[in-house]
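Computed from a prediction, not measured in an experiment: that's the story for all the values here. Excluded from the calculations below are hydrogen atoms, water molecules and symmetry mates; all remaining heavy atoms, backbone and side chain alike, are included.
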Amino acid sequence: MDQEARLDYLIDYLLNENPNTKEQMMQYKTNTVEEKITLFWGLCNIRKPDPVRGEFTEVQDAFLTQWNNERHVTTLHDLEAAGPQLYLWQGDITSLAVDAIVNAANSEMLGCTQANHHCIDNIIHTRSGVQLRLDCDVLIKEQGRKEPIGKAKITKAYNLPANYVIHTVGPFINQRGVSPLKEQLLASSYYSCLALADENQLGSLAFCCISTGEFNFPNQRAAEIAIQTVKKYIRNTGSKLHIIFNVFKDEDLKIYQSILTQRE
Amino acid sequence: MKKRGNFLFIEKNDDIYTLSMTPEMQDDIGTVGFVEYLDGDTLNVDDAILNLEAAKTVLELASPIAGKIVGRNEAAISEPALLNSAKTEENWVVKLTDVDEAAFNKLEEA
């Protein structure tokens, strides 16, 4: 099977799995491979965490492996240190071949369920594969309640170049703005991810800019908290973790560059 | 005597220490829609007491002090918005005994 044949199989499977999706996805075109990718992507996003049958996993994994590796994959060795054990890198977090990447999740912890939404939670789940949502569903059912802000959970990363995904829910900033509690919760998200990475004896961890996207945390303050928390954690625990601050937007790159080059 | 920690008040009356919501915490989370206490009656510092849900917020309240739970605000389970009340008799979270008084005294003044 080539990529297009795999896509045809996957789309057919997902459309037939749930009859309601056919109507929902009617506006999608499937004339080109790109359009088929968009439809497959959207179908994965709206898919419930039900087990998959037959060849689906095999075909999906083959498709995602190739799709993910068509891009340049970045490893820790490609990065220049921005301080002891610290790195700054701009790009798509799903193309990082590190031990774990951090996902900015929500309290349902099942990944973004909005078809083709451009958020990190969506992209990580889509490029990882449907297994990621199934794993998250098991974790959240075992817990018996929604995921609180400021904690962390670890899963395998499936088809991503990374080995694990650490999921954390950052604070949501509403019209009341940033408060000491929300600042503490953001620091707690960073801290929980670091502690979980060390518990699992990981060597490298890439953070996204937690809470800054859909959750409205101001970028500058969020970066200050991120860097302070990581530095303090390494100082207090003697952790050997290599930490990558992954930024996507130019704005965040400038902010992180400026903070990381400041003298303490 | 009243202290604060982890965005909660801790009020001491004889040997009973009552933890309750601070206005700051109430303002931050908005109207509470769901409350679920965790099992277990022994709390260490930073142990989870309960999970609460409000708009876009699922928060685990962590105990600022160690102790033994002798009372939970059961009314808040059926009426979660009680935690938004201004009155301590409505917005309290747990009552503790076996609290180390020295640890209590070290907490920030309310």
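- Between A:Tyr191 and A:Tyr233, the two ring planes are perpendicular [angle over 60°; tilted spans 30° to 60°].
- B:Leu38 touches chain A through its side chain: at least one heavy atom from C-beta onward sits under 4.5 Å away, while N, CA, C and O do not.
- Using modelled atom types, one finds a donor on one side chain and an acceptor on the other under 3.5 Å when comparing A:Tyr158 with A:Asp135.
- There is no contact between A:Pro171 and chain B, counting heavy-atom distances below 4.5 Å.
- Listed options B:Leu52, B:Thr57, B:Asp27 were ranked by heavy-atom pairs under 4.5 angstrom with chain A; first place goes to B:Asp27.
- When heavy atoms are compared at a cutoff of 4.5 Å, B:Glu60 approaches chain A by way of both its backbone and its side chain.
- Between B:Glu108 and B:Lys3, no side-chain nitrogen of the basic residue sits less than 4.0 Å from a carboxylate oxygen of the acidic one, so the salt-bridge criterion is not met.
- Using a 4.5 Å cut-off between heavy atoms, A:Glu147 touches chain B through its backbone atoms (N, CA, C, O) alone.
- Side-chain contact, A:Asn45 with A:Thr126: a donor N or O sits under 3.5 Å from an acceptor N or O.
- Although no hydrogens or angles enter the test, the distance criterion places a donor-acceptor pair under 3.5 Å between the side chain of B:Thr22 and the main chain of B:Met25.
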